[in-house]
Amino acid sequence: MTDIYWDEAFCSEGANCFRFGLDDQGRAYIGSTTDTTTHVSDSMEALRALISAVKSGAADHLL
């Protein structure tokens with residue numbers, strides 16, 4: 001089992017909390033604080049691309 005080193009949770013209004021983590025292999029993780037056993041994992045490059053896309057408005061239609 002891979003050890004994931006989680007950052008402090010990021011919480012928005014309404015206590016919707018997510019956390020970001022890294023493992024010792026350099027893979028990135030995104031998880032919810034309500035279900036600590038489930039998470040999404042990909043490369044750091046993929047996480048950077050996701051964050052950039054969200055910041056540029058690619059997910060605004062979901063709001």
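A donor-acceptor pair is defined here as one N or O able to donate and one able to accept, closer than 3.5 Å; such a pair exists between the side chain of D23 and the backbone of R27.
Note that CG of L22 and CG of D7 are 7.0 Å apart. Values are rounded to the nearest 0.5 Å. Atom CZ of residue R19 and atom NE2 of residue H39 lie 8.5 Å apart, to the nearest 0.5 angstrom. One finds the CD atom of Q25 at 13.5 Å from the OG atom of S43 (value rounded to the nearest 0.5 Å). Annotation: the span from F18 atom CZ to W6 atom CH2 amounts to 11.5 Å, rounded to 0.5 Å.
In this structure, a donor-acceptor pair under 3.5 Å is absent between the side chains of D35 and S32.
Put simply, the side chain of F10 does not reach to within 4.5 Å of the side chain of T33, judged on heavy atoms.
Residues I4 and F20 do not share a hydrophobic cluster, defined by chaining ILVMFWY side chains whose heavy atoms lie under 4.5 Å apart. Both L47 and V54 are members of a single hydrophobic cluster when ILVMFWY side chains are connected at heavy-atom separations under 4.5 Å. Note: the hydrophobic cluster containing I30 also contains I51 (ILVMFWY, side chain heavy atoms under 4.5 Å, direct or indirect links).
When all heavy atoms are compared, the tightest approach of G26 to M44 is O-CG, 3.3 Å.
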